[in-house]
Amino acid sequence: MYSEGSSSRNQHDWDSDDDLEVFGMPQQTNQHTVSMESGSACSTAKNRNLIHHFLGMGFSVQEVIKAIEKHGEDNEENILERLLTLATTIEDPTGEASREQCDSAKKSVSGIDIDNDDAGPETEEDAFTSEKDETSSILVNMGYSFKDALIAVDNCGLGADLGELTDFICAAQLEKEIKSHLKHRPNRKHDASLHMHKRSRDHYYNGKRKSRMYCRASQKKPLEMDMEEIELSIPTNGFSIAKGIYPGVARKLPDKLEGPPYFYYENVALAPIGVWKKISNFLYGIQPEFVDSKFFCASTRKRGYIHNLPTENRSPLLPIQPLIVQEALPNTRKWWPKWDQRRHLNCLLTSIGAATVTEKIRRDLEECGAETPPPDVQDTVLKLCKKWNFVWVGKNKVAPLEPDEYEMLLGFPKDHTRGGGISRTDRYKALGNAFQVDTVAYHLSVLKDLYPNGINVLSLFSGIGGAEVALHRLGIKLNNVVSVEVSEVNRNIIHCWWEQTEQRGNLFEVEDVQRVTSEHIMEWITRFGGFDLVIGGSPCNNLSGSNRVSRDGLEGEHSSLFYEYYRIVNEVMQAQR
DNA sequence: TATAACCAGATCCAACCG
DNA sequence: CGGTTGGATCTGGTTATA
């Protein structure tokens, strides 16, 4: 159909940063506004280390942050000098003043006074506050608000690691959004997502570290009340990520990028250094929003998303998936040993663990004989289980996930990739490369109110149709969809899905993204009256950490197709604005 | 410094086919 | 019998984080 004409991409043309200015946009502008209620310097890794360094010397958070702001993070000597000066002039070198500040903020946020008793300066309470200061400051410098940080530390305890704390904040943020969404829904009691709240909390609060002495605060007040206080300053940024990459936060896009046509780009979060910066530069300086899909399903999937969609009033796809693997796969629950404390799976990859590995695990465990194997055996088995995402399917018996379990966890309909001539191996491959539908749908949910009559979609690198499925599950009508996908098997999957879901719109299947010409794009735009959304995730083969052979970065054989994505998005943007 | 995680790719080998 | 196909197995480096 589109056999004539080539995009004739010259890669070197794209390598030049001079070409980046589009629509008069300056490069590398920061459209995000980070909400920080306590003063803070920019949140770089260096900055974090510096704060750690001075906190370790006994200075308070506020003093350190002020000193860094005044002198800059490169001027360590001056910072130290200022801190020493402050320490000799302030009457309270133990940090009591900062403790008061901290407590004041804490009270104003949660409304609880956890310091009812009159503790002296040398009590455990002092140690608590100091350590709390330090932990909170790290969170603040990761971009979270001071309030969120304090509440997270209160609830998770000081023994909690950063991952738990950020998980807490993000889970609370998501929950608050969900609650907000549900307020406007009729018949709330039947909503599956309500059940998720309790489970989610159990997961985050009851999973581990119960033995802390600082539980008093959370015992005094139900968790739910504290959760209400969490602000939505950093929506769904599930993890801290590479240096120089920015959290997905509330933002204000320049006028020139706001409104339709919308575009949405996805790729692996943990790409080689500099890749996301380069992608961001091409995509008009918009900074990536990093999300871990473990907030939407029972497996992790760390991905970066660059888009010009509104970020307000997002709503989750319903029903919400179980976030705990034993609930997502209830048949495994009875076989899960106590010493395997996994609650979510690692990233679903394109290949699975070998039968020989599961057999070795079974043999090793049986040889132990005892109900609880010795620690070294536990350790070995756990490492293998994590590496290959094994689940427990019998006594001493682990197994890789089945393709239909992949489908469920990724949010696709059952048997979406089954049949039609596709092999089991190819199903794993296709699913391992796919979107996590619930995550993407969460971002796309804002389109529902904008396009009540349906949308026209240009879907690039469609794969097995994650974008199409997400939009359909959101209840957004698909008027015209141009789906570009090189794999015939994948095209067939989308085609079958389109038929099965009785779509009323038109599906146009295109094979090669490199042969999509300007003429094609203009033809479609004329025919449909324009695209409302251009969506796709370009190949990650040369970016993925799993690739040990050709991790060549954005210029790699497959991943360089990103430039095709950019080319096409840019043409649509220019044609329709 | 040690550890864990990662939308993968190359190779081997058995089954299949003309 | 030679070639092809596809499934199972084997392969280890980069990166972030504690």
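Computation of the quantities below employed the complete heavy-atom set of this structure, encompassing side-chain atoms and omitting hydrogens, waters and symmetry-equivalent molecules. So you know, we letter chains A, B, ... as the sequences are listed, proteins then strands, and number each from 1.
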In B/S/- notation, 5' to 3', how is nucleotides 5-11 of chain C contacted by protein heavy atoms closer than 4.0 Å?
--S-SSB

Give the dot-bracket string for DNA chain C, reading 5' to 3', where a pair is Watson-Crick or G-U wobble with both distances under 3.5 Å, ( ) marks pairs inside the strand, [ ] marks pairs crossing earlier ones, | marks a partner on another strand, and . marks unpaired.
|||||||||||.||||||

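- Nucleotides dC10(C) and dC7(B) have their P atoms positioned 23 Å apart, rounded to a whole Å.
- Taking a 6.0 Å sphere around CZ of Arg418(A), one finds it holds 12 or fewer heavy atoms contributed by other residues, nucleotides or ligands.
- Here Cys347(A) lies in heavy-atom contact (under 4.0 Å) with sugar-phosphate atoms only.
- For Asn346(A), the listed nucleotide lying nearest its side chain is dA5(B); candidates were dA5(B), dC7(B), dT15(C).
- Listed nucleotides dT14(C), dG9(B), dC6(B) differ in distance to Leu349(A); the shortest reach to its side chain belongs to dC6(B).
- In this structure, of dG9(B), dA16(C), dC7(B), it is dG9(B) that holds the atom nearest to the side chain of Asn547(A).
- Checking dA16(C), dG9(B), dT14(C) against the side-chain heavy atoms of Arg551(A) singles out dT14(C) as nearest.
- Here the nucleotide nearest the side chain of Leu270(A), chosen from dA5(B), dG9(B), dA16(C), is dA16(C).
- The phosphate of dA4(B) (OP1 or OP2) has no side-chain N or O of Lys386(A) nearer than 4.0 angstrom.
- For Ser546(A) and dC7(B), the shortest distance from a side-chain N or O to OP1 or OP2 is not below 4.0 Å.
- Residue Arg301(A) has no polar side-chain atom (N or O) positioned under 4.0 Å from OP1 or OP2 of dC7(B).
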